[in-house]
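Structure first, then comments.
Just so you know, these numbers come straight off a predicted model, no measurement behind them. By convention in this document, chain letters (A, B, ...) are assigned in the order of the sequence lines, proteins followed by strands, and residues within each chain are numbered from 1.
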Protein chains: 2
Amino acid sequence: MKKKKISITDLAKELNVTPSTVSRALNGLGSISTKRKEQIVNLAQKYGYRPNHIAKSMVSNKTFNIGLILPEFTHNYFNKILAGIESITYQKGYQLLICTSDALKEKEEKSCLTLLDARVDGILAAAGNSSDNLDHFSKIIDYGTPLVLLDRICEDLNTSYVITDDFDGAFEAVQYLIDSGCRNIVHIKGPDYISTSFNRFLGYQEALRKNGLTYREELVIAGDSESFVDDVNNTLNTFPIDAFFAFSDYNAFDIVKVLKQRHCKIPEEISVIGYADEPLAQYISPQLSTVKQPAYEIGKRAAEILLKIIEENIELPMTEQLKTSLVHRETTKNSH
Amino acid sequence: MKKKKISITDLAKELNVTPSTVSRALNGLGSISTKRKEQIVNLAQKYGYRPNHIAKSMVSNKTFNIGLILPEFTHNYFNKILAGIESITYQKGYQLLICTSDALKEKEEKSCLTLLDARVDGILAAAGNSSDNLDHFSKIIDYGTPLVLLDRICEDLNTSYVITDDFDGAFEAVQYLIDSGCRNIVHIKGPDYISTSFNRFLGYQEALRKNGLTYREELVIAGDSESFVDDVNNTLNTFPIDAFFAFSDYNAFDIVKVLKQRHCKIPEEISVIGYADEPLAQYISPQLSTVKQPAYEIGKRAAEILLKIIEENIELPMTEQLKTSLVHRETTKNSH
DNA sequence: ATCATTAAGGCAAACGTTTGACTGGAATTT
DNA sequence: AAATTCCAGTCAAACGTTTGCCTTAATGAT
């Protein structure tokens, strides 16, 4: 059975002083005689007094809790983000209240309410891919709770963001492919309504354009399609493909599998670049070249920004863009 | 700026009733005329009233928060535990307050205090270190907060446990290797200060002993050493090795890589068994045989037990031991 | 017409803490 | 000696909610 903890009032009674005196003694505020203070501190020590954060929250309207909404925890990407966030919140004395959304809009909405009800001081959220509509987040903003969104920009939502430069990451990857001699580069595209996948798509196009290669719609395949593997095979049968740039590592894994089945030489005949640098990338054979997102850093920066907003009462939203880096492994040729 | 949320008192004022009436109307308790009730509910709706959980906690002495202490989140094992826990707590309307300990006793202690200070309804913890001093956990017990420990039993601590049998898991794995004809079995050992790795080490030794094989210190390699890959190669050069039993899948992956470089036939010449069944195990080639820990289940059961203790006010501790299972894939021979 | 019952809702305390305003007395200044 | 300052504390309200007890008025039974 949960025992009643000793309270400031209990201490006050035992010493025949008022709770205010005890509070001030313990917090070192107001003026209290050294003798009294010592007496109070000693008694608190003796009983192992611990302040009640809940009661504190009531009066201060501050919980030192940060809400975190992530789609799931089974992907390395989100774990690293979590680890990054935690490194900051721990240091600053905040606790993390976590919610998983399973990338379902419904659960995401519910999580927002739950966290708001819990009166968290701020919220960090990575919107799942399935929600093209982010109204539930505007509820957070309306209430005035600081919000930092990870990974995806949403034009309509006037809040802070920490994102990686998807355009640039994609551009760099495709530029590398071109530099290493590839000319017929397929892009595996993610859902259109997600800013990240759209930006990678744009980066792909821009890299082609800048190098005088024409963009061909036939060389773009939807990565989330049912017929994905078939589409890849068809494209390989129809065009003289020499490279793939995929929206995600998982798509890239599938492509490597297909190419191995077709006894294609990787990377001599066909190069492959993925996106995210999942740990798997290093373990498959050949090891996957990929665009590395600084997940830990993203979490860290997002937490830093959120706490800055909370503690310095900053009103205007800020956006921070982190750099990706191309990891050259075994599915790409050396560029000249 | 954080806006003040509408409170029960605000609603009460606007309708010239008392807060008690509003509270009862909203909770459907006490007797209130249908008209009044409707009026109150409508107004609450209009203003988007949301109850303040903090205030509720003050009077009920219940937070609907569960504290969670894990060493880290970058390993799949703990993520799965987290996912398992979350699946239960979400369903029962509890929130998770998470703390990472980095397997440091100091942080672990601090986390205990933090969670206690936050007045969580219960705590789930996976102890990270092997120190026999678990005073910080006994503090939780002393205060009467329900506690379920994961993964590791501590004799002195009279509380509930959900564990897997590392000794047994290791024993079974090594027994399998012996049954399939291996005699010179290398063990890749985890850090000494982690009890799980130590127990697996003991299981390895016991399996050898029981089968009349002598334990040889030279066949034990530290998995976390800088020179790990060199050590493996040296051992392979020096002894007629026919199997590896690794403390973790990641070590096993590295070994497979080394063996492939040496053009060793797996499993004909050398067998490999890992530990944990990381998702990667199925993606590498050959697919890794490994000891599967039911991580998701562990989390789930631990959460179930904790909530049972909390909600049914159960006093006596319970221990549940979950079975590991050997997953036979492509890095082990069939046993006779 | 009288008494008992009940429905509807008010009152106030409680949870643990903080904080602005106040007070009584001692110490200091003029 | 009177006026001023300062120290050490007290008082009470506030945060938002719940809940046991009480009051009022209406309803029903006799």
dG10(C) phosphate, OP1 or OP2, under 4.0 Å from Thr18(B) side-chain N/O
yes
Select from Pro51(A) and Val17(B) the residue whose nearest nucleotide in DNA chain C is closer to the 5' end of that strand.
Val17(B)
Using a distance-only criterion (donor-acceptor N/O pair, under 3.5 Å, no hydrogens), is the base of dC11(D) paired with the side chain of Ser20(A)?
yes
Please check if the number of heavy atoms outside Glu106(A) that lie under 6.0 Å from its CD is greater than 12.
no
Mind calculating the distance between CD1 (Ile8(B)) and C1' (dT19(D)) to the nearest angstrom?
12 Å
Distance below 4.0 Å between Ser7(A) side-chain N/O and dC15(C) OP1 or OP2:
no
Does a side-chain N or O from Arg24(B) land closer than 4.0 Å to OP1 or OP2 of dG9(C), or not?
no
Under 3.5 Å, side chain of Ser57(A) to main-chain N/O of Lys62(A), donor-acceptor pair present?
yes
Kindly indicate, with the supporting measurements, whether the criterion side-chain contact (heavy atoms from CB on, under 4.5 Å) is fulfilled by Asp151(B) and Tyr77(B).
CA-CA 11 Å; Asp151(B) 219 36; Tyr77(B) 179 61; 2.6 Å; yes
dG9(C), OP1 or OP2 - any side-chain N/O from Arg36(B) closer than 4.0 Å?
yes
Report yes if at least one side-chain N or O of Asn27(A) is closer than 4.0 Å to OP1 or OP2 of dT18(C); otherwise report no.
yes
Is any side-chain N or O of Ser23(B) closer than 4.0 Å to OP1 or OP2 of dT18(D)?
yes
Can you name the one residue among Glu86(B), Glu311(B), Glu304(B) that meets salt bridge (charged side-chain N to carboxylate O under 4.0 Å, His left out) with Lys92(B)?
Glu311(B)
Could you work out which one of dT18(D), dG9(C), dG16(C) sits closest to the side chain of Lys56(B)?
dT18(D)
Interatomic distance where CG belongs to Leu26(B) and C1' belongs to dG16(D) [whole Å]
13 Å
